[in-house]
Q: 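Pasting a structure here, questions to come.
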There are 2 protein chains.
Amino acid sequence: MSGGVKPKTPKRTAVATPDPDGRAMGTTERVAEIIRQGIRTSQFVPGQHLVEIDLTQRLQISRSSLREALRHLNGDGIVSMGRYRGTHICRLDRRAIDDLLEVLEQLVSLAARRATKAPLEKRRLLDAAVEASGKSLNGVDNGNPMLVRQTFYDTLFEISGNDELPRVTPLSRADLFRAQIRPYQSHEEQRKHAEGYGLIAQAVLSGDPVKAEAAVRAHFEATRQMVDRLPPQAVE
Amino acid sequence: MSGGVKPKTPKRTAVATPDPDGRAMGTTERVAEIIRQGIRTSQFVPGQHLVEIDLTQRLQISRSSLREALRHLNGDGIVSMGRYRGTHICRLDRRAIDDLLEVLEQLVSLAARRATKAPLEKRRLLDAAVEASGKSLNGVDNGNPMLVRQTFYDTLFEISGNDELPRVTPLSRADLFRAQIRPYQSHEEQRKHAEGYGLIAQAVLSGDPVKAEAAVRAHFEATRQMVDRLPPQAVE
DNA sequence: CCAGATGAAATCGTCAGACGATATTGACGA
DNA sequence: TCGTCAATATCGTCTGACGATTTCATCTGG
């Protein structure tokens, strides 16, 4: 009886762990989200080398699963994978940032235009999200600006009603951009930026697509000017 | 000496096979491209079940590598992976197609606008690509329309000079859409569609961004009308 | 004391095989 | 014919392995 040769550890069978939001999530998706979140919270910084063995031990997963997650992030342009050289969090140079902002502007404009035609109660949701963000920034308890940003865009895309938009919009790359320039941004600049979200939300709430698009364009124009004022080492 | 226990088959070490275009390509990238190409050539059709063991044998690769490739395609929205249910080539319903076309229109518009400002010799390249396509369609030797399409868009993005555009533009999903409606399209409709590329190319060549954008909008408007005329079973 | 050679360690891409869990299918009986 | 149940197919994940290449520290000669 007790002479079994194999102790046979419980062998955690990874059967779709429910995630904090309640939805079921495969290991791959979960790990990819952890890394994305890690970028937002500066646990990972652009340029950092991600050693596979390290991560498998930290996250308690196999290399296969980890690599599937990394491959996913690689497809999104979040990490670069080079043979023998390893996986690195992408760093964006000025050129990449310009290109990224231009594409983002187009897609967010579309989202804002569409959002103006959403039912009023949905549009209120967007305004509410921004309201909450404004409070957390003015208050002493500095709510994570990255989380605010994410909520804003998630809500905007949600009420835009176009399912393709969140799929193609490179929000994760924008997170990369934000993470990269964060050390060079003043608190005042962050506040100003958050105001932009408020203006967009109000324009969407007004129901005028032209106004909404104008607000988005202004927001991105301001972002571009902010980028221009950045020290060179911030953008490679 | 000769009593070695392990015959040790050559053990093909997969050290970055050079691809047809000369660039080095990892197994994952190569497999993903094979599947994408398979969709364009109807070797794979929307809705089809991709059995992993089958593909590993057909492509002579390990399941790990295959799954990394599938994960990549999954991120691009080309295949859906459901636990225990397997991997399937995505099928787009009418709603998904509408959303896709709307996003595509925005991104291609941007590309066309930017392209008008490219050096003249580059703009000529685009026109040349379309010329070749026109010939292959009018001639008896029916050049693959999907290849033509791909060349057109690749060239357009190339000369647009924005590196983010090809990354985010869901061209592969558009391939999916094309593959799905192909059985319901007449030859005449395909010719008409190819003409649209020609008009866009000419507008880009003219150097007028307003004209170029208008050409793109007209092209997508025509595509939408074509979709409206499609039988219901073509769009789920 | 420093520059180049050299060898060991680290890391990656790929492969092979295994196991538990679930969906699917086909046989069987009511 | 239709529902039940067992066998099969397939998937997600894990473990372990191996060759190839980069990286880094050590060693040697000038």
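Naming: A, B, ... by sequence-line order, numbering from 1 per chain. Values below: all heavy atoms of this structure, side chains included; hydrogens, waters and symmetry mates excluded. Predicted, not measured: the structure shown is a model, and the values here were computed from it.
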Q: For L66(B) and dT14(C), give me the distance from atom CG to atom P, rounded to whole Å.
A: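 Value for this atom pair: 12 Å.
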Q: Starting from P on dT13(D), measure out to CG on L59(A) and report it in whole angstrom.
A: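 So the CG-P distance, L59(A) to dT13(D), works out to 13 Å.
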Q: Atom CD of E68(B) to atom P of dG12(D): distance rounded to whole Å?
A: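 Interatomic distance, CD of E68(B) to P of dG12(D): 14 Å.
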Q: Can you list everything that forms a ring-ring contact (aromatic ring centres under 6.0 Å, His included) with F44(B)? Sequence neighbours excluded, please.
A: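 By the ring-ring contact (aromatic ring centres under 6.0 Å, His included) rule, F44(B) matches no residue at all.
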Q: Can you check the M81(B) CE to dT10(D) P distance for me, whole Å?
A: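 Atom-to-atom, M81(B) to dT10(D), this comes out as 15 Å.
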Q: Checking R173(B) now: which residues fulfil side-chain hydrogen bond (donor to acceptor under 3.5 Å, both in side chains) with it, not counting sequence neighbours?
A: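 Partners of R173(B) by the side-chain hydrogen bond (donor to acceptor under 3.5 Å, both in side chains) criterion, ordered by chain and then number, come out as E164(A).
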Q: Tell me whether R94(A) at atom CZ has more than 12 heavy atoms from other residues, nucleotides or ligands lying less than 6.0 Å away.
A: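 Yes, because the 6.0 Å sphere around CZ of R94(A) holds more than 12 heavy atoms from other groups.
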Q: Using the ring-ring contact (aromatic ring centres under 6.0 Å, His included) criterion, which residues pair with F177(A)? Sequence neighbours excluded.
A: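 Testing F177(A) for ring-ring contact (aromatic ring centres under 6.0 Å, His included), a comparison that skips the adjacent residues, returns none.
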Q: Output yes when at least one side-chain N/O atom of T27(A) is less than 4.0 Å from OP1 or OP2 of dT13(D), else no.
A: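 For dT13(D), OP1 or OP2 has a side-chain N or O of T27(A) closer than 4.0 Å.
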Q: Check every strand shown and say whether S65(A) touches a base, only sugar-phosphate, or nothing at a heavy-atom separation below 4.0 Å.
A: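 Sugar-phosphate: the residue S65(A), judged by heavy atoms under 4.0 Å, touches backbone atoms but no base.
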Q: List in chain and number order the residues that pass side-chain hydrogen bond (donor to acceptor under 3.5 Å, both in side chains) with T41(B), two or more places apart in sequence or in another chain; answer none if no residue qualifies.
A: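 If we apply the side-chain hydrogen bond (donor to acceptor under 3.5 Å, both in side chains) test to T41(B), skipping adjacent residues, there are no hits.
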Q: Ignoring backbone atoms, establish whether T28(A) has a side-chain N or O less than 4.0 Å from OP1 or OP2 of dT13(D).
A: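 For dT13(D), OP1 or OP2 has a side-chain N or O of T28(A) closer than 4.0 Å.
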Q: Collect all protein-nucleotide pairs involving nucleotides 6-12 of chain C in which both atoms are nitrogen or oxygen and the distance is under 3.5 Å.
A:
| residue | atom | partner | partner atom | Å |
| --- | --- | --- | --- | --- |
| dC12(C) | OP1 | L50(A) | O | 3.3 |
| dC12(C) | OP2 | E52(A) | N | 3.3 |

Q: Rounding to 10°, can you tell me the angle the first-five-pair axis of the helix from dC1(C)-dG30(D) to dA30(C)-dT1(D) makes with its last-five-pair axis?
A: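 Comparing the axis at each end, I get an angle of 0°.
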Q: With sequence neighbours excluded, give me every salt bridge (charged side-chain N to carboxylate O under 4.0 Å, His left out) pair touching residues 55-65 of chain A.
A: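 Only E52(A)-R63(A) qualify under salt bridge (charged side-chain N to carboxylate O under 4.0 Å, His left out).
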Q: Could you list the residues that satisfy side-chain hydrogen bond (donor to acceptor under 3.5 Å, both in side chains) with D76(B), not counting sequence neighbours?
A: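 Residues passing side-chain hydrogen bond (donor to acceptor under 3.5 Å, both in side chains) with D76(B): R36(B).
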Q: R167(A): which residues meet the side-chain hydrogen bond (donor to acceptor under 3.5 Å, both in side chains) condition with it, sequence neighbours left out?
A: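 Scan of R167(A) (side-chain hydrogen bond (donor to acceptor under 3.5 Å, both in side chains), adjacent residues dropped) gives none.
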